[in-house]
2 protein chains.
Amino acid sequence: MSETPNLRDALIQAGMDLLAEGGTAALTLRQAAMRAGVSHAAPAHHFNGLPGLLTAIAARAFQTFADTLHTARDAAGQDPRARLLGTCQGYLTFAAHHAGLFHLMFVACEVDRSDPALAPAALRSYQILSEACRPFATHADDRLEVAVWSLVHGYASLGFGGPTPPNPMRHAPQFAEILDELLRG
Amino acid sequence: MSETPNLRDALIQAGMDLLAEGGTAALTLRQAAMRAGVSHAAPAHHFNGLPGLLTAIAARAFQTFADTLHTARDAAGQDPRARLLGTCQGYLTFAAHHAGLFHLMFVACEVDRSDPALAPAALRSYQILSEACRPFATHADDRLEVAVWSLVHGYASLGFGGPTPPNPMRHAPQFAEILDELLRG
DNA sequence: AGGTCAGCTTGACACTGTCAAGCCACCGCG
DNA sequence: CGCGGTGGCTTGACAGTGTCAAGCTGACCT
């Protein structure tokens, strides 16, 4: 009665809430349906099973991810290095604050990566990073983009940017110093 | 009757086989027990539930991972750059050939990362990479180690090193060129 | 010889995803 | 206006999962 104009969005929102609260294990079709106030089989009419819901959540996550990168880049001013660093820090901030979504977007094997709803937002995210790299490209190929992308993604995945320090590292250097290393500080 | 000196190892081996054959979803306590020829509740006497089995598999995977890095480094000769590149390519080879184990080692949230059996092998892997980086370190801190580690881990996680090319990239540059970029070619 | 206990089995429970069948309001058409 | 049809949801069921409690068994120790 409150507000459920369409159930699909409500289920996606419930799934994102569950993911943020209890991690991947808590994200369940039946729990999402219960949160949305419908029966356990209702989600089947809007998604292709659990992978379908996960894919829809990942698609929405890619959109907010692209927005995060965009605003972080623009907030960093006009200097090309500051813009690239800002974009990377947006990347790290998103990974640290939305670990569940980050996991879903990049590593979860249940999401259907061939879903056409996934490509646009993912491509937009990549293009924002790619544009920030362009002023520093010294080769014809895209090796710098791949290098920066791999670097920031690995840094985030290994937990250096997160609140909890990773396993064997006593003190991870700031990402800005590492990026300088790559850009021939 | 064939050979099961201790069930614990048999369960770990069965779990690794299941992981290699059917991915994370196929790795199940009951399936591993069935493969080992015991009842579905037998694993509970050797592991702390499913997370315990996953942790034990991850610990063994870290050992073979460290061995892979070690032999790849030594097979690369004496030149410091060749040794570092060889170590990284061992990293990428392992990630591509043992995607399930790689996932378990670094991202699976079910493994108990505080398990004391996990730290030694993980630390050994890190030290092999760290030693290969040492000739190139130009700062007192370990920023280069973290940079190389993040770079190769991100490169592997994003699928550049794997058999299937990743999403938006038409042609990923070879990792050697990217590593040269980081080492100020 | 008798007791003890680790290791394994059996059985049960709650929970998951998924499918089949049915219900019901709404919408278009005769 | 009546009426068939269909999308959206419910109910019920099934196989599969992890996990716990209880019981059996054989070896080992005293």
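Quantities reported herein were computed from a predicted structural model and do not represent experimental measurements. Chain letters run A, B, ... following the sequence lines, proteins first and then strands; every chain starts at 1.
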Visitor: Test of understanding: with side-chain hydrogen bond (donor to acceptor under 3.5 Å, both in side chains), list the residues that count as partners of D115(B), not counting sequence neighbours.
Guide: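 For D115(B) there are no side-chain hydrogen bond (donor to acceptor under 3.5 Å, both in side chains) partners, ignoring immediate neighbours.
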Visitor: Are the side chain of S130(B) and the backbone of Y126(B) linked by a donor-acceptor contact shorter than 3.5 Å?
Guide: no
Visitor: Once you round to the nearest 0.5 Å, how far does CZ of F160(B) lie from CH2 of W149(A)?
Guide: 5.0 Å
Visitor: Under the criterion side-chain contact (heavy atoms from CB on, under 4.5 Å), which of R60(B), R35(B), R8(B) is the partner of Q13(B)?
Guide: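 The passing option is R60(B).
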Visitor: To the nearest 0.5 Å, tell me how far T24(B) OG1 sits from L104(B) CG.
Guide: 7.0 Å
Visitor: State whether R73(A) and E131(A) are salt-bridged, where the test is any N-O pair (Lys NZ or Arg NE/NH1/NH2 against Asp/Glu carboxylate O) under 4.0 Å.
Guide: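 Yes.
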Visitor: Does the distance from a Lys or Arg side-chain N to an Asp or Glu carboxylate O, for D141(B) and R143(B), drop under 4.0 Å?
Guide: yes
Visitor: To the nearest Å, give me how far apart CG (L7(A)) and C1' (dA25(C)) are.
Guide: 16 Å
Visitor: Can you tell me how far P of dT17(D) sits from CD of E110(A), to the nearest Å?
Guide: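 Those two atoms, CD and P, are 16 Å apart.
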Visitor: Among residues 44-55 of chain A, which residues get a heavy atom nearer than 4.0 Å to DNA chain D?
Guide: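 H45(A), H46(A), in order of number.
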Visitor: Just wondering, more than 12 heavy atoms not from E177(A) lying within 6.0 Å of its CD?
Guide: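 Enclosed.
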Visitor: With hydrogens left out and only the distance checked, is there a donor-acceptor pair under 3.5 Å joining H40(B)'s side chain and the base of dG16(D)?
Guide: no
Visitor: Considering only heavy atoms, which members of residues 25-34 of chain B lie under 4.0 Å from some atom of DNA chain C?
Guide: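 Those residues are R30(B).
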